[in-house]
Amino acid sequence: MLRRSFIQLSIGSLAIFSTTSSVLAAEDPTSSPSPQTHIVAMTDGMIYDPEIITIAPGDTVRWLNIGKMGHSVTAYQNELPDGAPYWASGDFASENAARSGYPLGDIPGGESYSYTFDIEGEYGYFCVPHETIQMVGKVIVKEGGASTDGGSSTEESSTQLGGNLPGGSVGAAFAAVGIILTSLSVFLVFASDLYSYILGDPDTGPKSSRIAVFFAGLGGLLLLILMIVTLIGS
Ligand SMILES: [Cu+2]
């Protein structure tokens with residue numbers, strides 16, 4: 001009974017520490033911003049989701065139709081920042097052309113339309129067949145993009161962790177593992193002492209302590225590697 005709760009405690013603390021490590025590894029203030037692609041879903045609920053999206057100059061928005069009904073992505077001509085060219089699915093030259101040209105520019109279910117925004121400012125847009133039921137959206141382009149308000153999702157965020165780990169993240173990962181092992185060793189020493197105290201079992205304490213020493217050594221080694229990696233990186 002007591003042993004079982006001890007194991008559960010260990011698994012629980014491991015889970016907490018590995019969560020901490022992935023958070024540590026995800027944070028990398030040194031990575032330079034690279035152009036990102038942001039997804040806006042178009043649904044049979046006749047909405048753009050998210051309705052307002054904030055991106056950085058050079059980023060691409062990809063409108064993906066996840067429903068069955070067709071939609072367009074059509075810029076309001078009088079809601080273009082100074083110097084920004086007209087844009088719309090179907091590559092029309094003007095809002096009037098896009099309105100009269102529909103269903104040219106229609107994006108059927110399962111398909112998408114992408115546009116890259118280089119000029120800062122706010123871009124209002126609408127869906128030609130569903131404008132009357134308020135299927136409208138806005139793209140805000142500003143330096144720093146979504147990082148300034150954290151409101152939008154990016155297509156690359158899930159792959160960036162495993163895909164292109166910058167040098168700093170390797171160090172952070174080593175640090176996280178080191179912290180986990182060191183913390184685990186401290187935890188084991190504490191838990192084994194408590195365990196043998198409660199049961200009066202002379203065997204458990206020393207055994208667990210040996211494991212603890214092993215983890216502490218391993219943790220220290222990883223922290224040493226971290227220091228070397230950091231030194232080489234700087
Ligand atoms: Cu629509």
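Just so you know, ligand 1 is whichever comes first in the structure, and atom 1 is the first atom listed for that ligand.
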A.B. asks: With the Cu ion (ligand 1) at the apex, how many degrees lie between SG of C127 and SD of M135, rounded to 10 degrees?
C.D. replies: 110°
A.B. asks: Do the side chains of H38 and D59 get nearer than 4.5 Å, heavy atoms only?
C.D. replies: yes
A.B. asks: For K138 and E51, what are the C-alpha separation, side-chain angles and deciding distance, and is it a salt bridge (charged side-chain N to carboxylate O under 4.0 Å, His left out)?
C.D. replies: CA-CA 6 Å; K138 184 180 280 187; E51 186 182 341; over 6 Å; no
A.B. asks: Can you check side chain to side chain contact (heavy atoms under 4.5 Å, CB included) on Y113 and V40, steps first, answer last?
C.D. replies: CA-CA 10 Å; Y113 163 74; V40 172; over 6 Å; no
A.B. asks: Is any N, O or S atom of M46 under 2.8 Å away from the Cu ion (ligand 1)?
C.D. replies: no
A.B. asks: Check step by step if side-chain hydrogen bond (donor to acceptor under 3.5 Å, both in side chains) holds for R62 and S112.
C.D. replies: CA-CA 7 Å; R62 182 174 168 226; S112 68; 3.1 Å; yes
A.B. asks: By atom name, which N, O or S atom of H130 is the nearest to the Cu ion (ligand 1)?
C.D. replies: ND1
A.B. asks: What N, O or S atom of H71 is found closest to the Cu ion (ligand 1)?
C.D. replies: ND1
